[in-house]
There are 2 protein chains.
Amino acid sequence: MECDLMYAICKIGGRWKLMILCKLEKGKLRFSEIKRCIPEITERMLALQLRELEKDGLVKRTVYAEVPPRVDYELTDIAIGLVPVWRQLEDWAVQHKSLLQNDKSKVHEIA
Amino acid sequence: MECDLMYAICKIGGRWKLMILCKLEKGKLRFSEIKRCIPEITERMLALQLRELEKDGLVKRTVYAEVPPRVDYELTDIAIGLVPVWRQLEDWAVQHKSLLQNDKSKVHEIA
DNA sequence: TGAGGTACACACAAATTTGTAAGTAATGGG
DNA sequence: CCCATTACTTACAAATTTGTGTGTACCTCA
């Protein structure tokens with residue numbers, strides 16, 4: 001079956017999932033901290049995506065019995081295996097952007 | 001700006017995009033050939049995703065003046081830069097699957 | 001007494017993505 | 001004359017994803 005790729009895409013294909021995971025790369029973060037790292041995401045989306053990531057074994061959730069509540073999230077071992085993926089994607093994005101830049105300057109020259 | 005990752009996700013985050021790209025890794029394919037490689041995709045979706053990939057410079061479309069029409073698609077240089085990404089995702093998927101397998105067998109033992 | 005902080009859940013609405021079915025253009029073959 | 005082939009397009013419907021706004025529990029500190 002060639003579907004390994006599809007399988008992976010299902011796990012991390014959510015709009016925010018890789019983003020969330022990569023914010024956790026440097027260590028545990030609480031809900032509100034992740035939120036602050038990714039201002040465009042709504043609380044609802046963050047909660048939903050975190051729940052899926054947890055279900056799929058990509059993040060570990062820890063609840064502390066405190067008031068006000070405290071919860072933190074961290075990468076699991078298998079999620080750490082994805083670090084090279086977002087690294088490469090970031091590098092690739094930079095390349096792609098600079099390519100567009102060049103195309104634009106060319107157009108500019110000609111026009 | 002940390003948004004390189006988001007940028008990349010926008011380009012390849014479509015449900016079928018990476019899948020389509022990876023089918024093109026071995027060389028040009030025509031529309032119907034891609035379709036045959038990915039039976040779950042509808043023609044409409046394939047057409048839409050291909051158009052976006054083309055717009056973003058990830059595939060090159062070539063139309064031949066024949067009847068019935070012939071069109072083929074191939075990876076651009078920048079898209080080739082994504083090869084390691086799907087390679088890693090495939091490997092990762094295999095790991096993730098076998099992890100689930102282990103968890104299941106454990107549950108089975110205990111239960 | 002009452003406001004404040006945290007990590008959500010919930011109902012509802014809006015937006016985006018996807019599927020379905022049918023149609024098109026052009027030409028070669030029966 | 002009609003059908004088959006290919007790579008789509010278009011209109012419409014259904015499904016999925018997201019956003020918005022409000023609510024909640026619980027304790028602490030002023």
Side-chain angles (χ1 to χ4, degrees), chain A residues 3 5-24 27-56 58-76, chain B residues 3 5-24 27-56 58-76:
Chain A
C3 303
L5 186 52
M6 252 307 162
Y7 179 87
I9 291 170
C10 287
K11 300 296 167 191
I12 59 158
R15 184 161 165 206
W16 302 103
K17 286 186 182 174
L18 269 182
M19 199 69 180
I20 293 168
L21 291 175
C22 101
K23 296 303 181 186
L24 292 172
K28 297 182 181 191
L29 288 178
R30 8 193 336 186
F31 187 89
S32 53
E33 290 172 326
I34 304 174
K35 175 83 220 308
R36 236 167 291 141
C37 286
I38 314 176
E40 319 92 293
I41 200 175
T42 61
E43 292 194 354
R44 181 170 138 57
M45 272 303 108
L46 183 53
L48 286 176
Q49 302 274 78
L50 281 171
R51 254 192 285 158
E52 286 188 45
L53 289 170
E54 196 195 351
K55 171 172 66 66
D56 290 332
L58 299 182
V59 300
K60 179 161 165 264
R61 192 172 105 113
T62 310
V63 184
Y64 301 86
E66 296 177 7
V67 165
R70 186 153 72 95
V71 178
D72 62 34
Y73 296 90
E74 63 191 305
L75 297 184
T76 61
Chain B
C3 304
L5 185 53
M6 253 306 163
Y7 179 89
I9 291 171
C10 287
K11 301 296 166 191
I12 60 160
R15 183 159 166 205
W16 302 102
K17 286 185 181 173
L18 269 181
M19 199 70 182
I20 293 169
L21 293 175
C22 102
K23 297 302 180 187
L24 292 171
K28 296 181 182 195
L29 288 178
R30 6 194 337 187
F31 187 88
S32 54
E33 290 171 325
I34 304 175
K35 175 82 221 304
R36 236 167 290 139
C37 285
I38 314 177
E40 320 90 295
I41 200 174
T42 61
E43 291 194 356
R44 182 173 185 291
M45 270 304 107
L46 183 52
L48 286 177
Q49 302 276 78
L50 280 170
R51 253 192 288 155
E52 285 188 46
L53 288 170
E54 196 195 353
K55 171 172 65 68
D56 289 332
L58 299 182
V59 301
K60 179 160 164 265
R61 193 172 104 110
T62 311
V63 184
Y64 301 86
E66 296 177 6
V67 165
R70 185 153 72 93
V71 178
D72 62 32
Y73 296 90
E74 62 190 305
L75 297 185
T76 60

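Chain letters run A, B, ... following the sequence lines, proteins first and then strands; every chain starts at 1.
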> Heavy atoms, side chains only, cut-off 4.5 Å: are Arg61(B) and Val59(B) in contact?
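Side-chain contact under 4.5 Å: no.
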> Give the minimum heavy-atom separation between Lys35(B) and Leu46(B), together with the two atoms involved.
N-CD2, 3.8 Å
> Below 4.5 Å, heavy atoms only, C-beta onward: do Ile9(B) and Trp16(A) meet side chain to side chain?
no
> Does dC26(D) have OP1 or OP2 sitting under 4.0 Å from an N or O in the side chain of Tyr64(A)?
no
> In a check of side-chain contact (heavy atoms from CB on, under 4.5 Å) between Tyr73(A) and each of Leu24(A), Leu21(A), Ile20(A), which one passes?
Leu24(A)
> Is there side-chain contact between Phe31(A) and Leu50(A), with at least one heavy-atom pair below 4.5 Å?
yes
> Go through DNA chain C in 5' to 3' direction and return only the first and the last nucleotide with some atom under 4.0 Å of chain B's heavy atoms.
dT18(C) to dT27(C)
> Find which nucleotide of DNA chain D each of Pro68(A) and Arg15(A) is nearest to by heavy atoms, and output the residue with the more 5' nucleotide.
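With Pro68(A) and Arg15(A) compared, the 5'-side residue is Arg15(A).
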> Heavy atom of residues 29-36 of chain A under 4.0 Å from DNA chain C: which residues?
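Going residue by residue through residues 29-36 of chain A, the ones with a heavy atom under 4.0 Å of DNA chain C turn out to be Arg30(A), Phe31(A), Ser32(A).
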> In Å, rounded to the nearest 0.5 Å, how long is the span from CE of Met6(A) to CD of Glu40(B)?
6.5 Å
> For residues 41-56 of chain A, which residues have at least one heavy atom under 4.0 Å from DNA chain C?
Glu43(A), Arg44(A), Ala47(A), Arg51(A)
> Find out whether the Lys NZ or Arg CZ of Lys11(A) is both under 6.0 angstrom from the six-membered ring centre of Tyr7(A) and within 45° of the ring's axis.
yes
> Hey, does Leu53(B) have a side-chain heavy atom less than 4.5 Å from the side chain of Lys17(B)?
yes
> Kindly compute the distance separating OG1 (Thr76(B)) from NZ (Lys60(B)), expressed to the nearest 0.5 Å.
10.0 Å
> Is the closest side-chain heavy-atom distance between Glu74(B) and Thr62(B) below 4.5 Å?
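They are in contact (side-chain heavy atoms under 4.5 Å apart), so the answer is yes.
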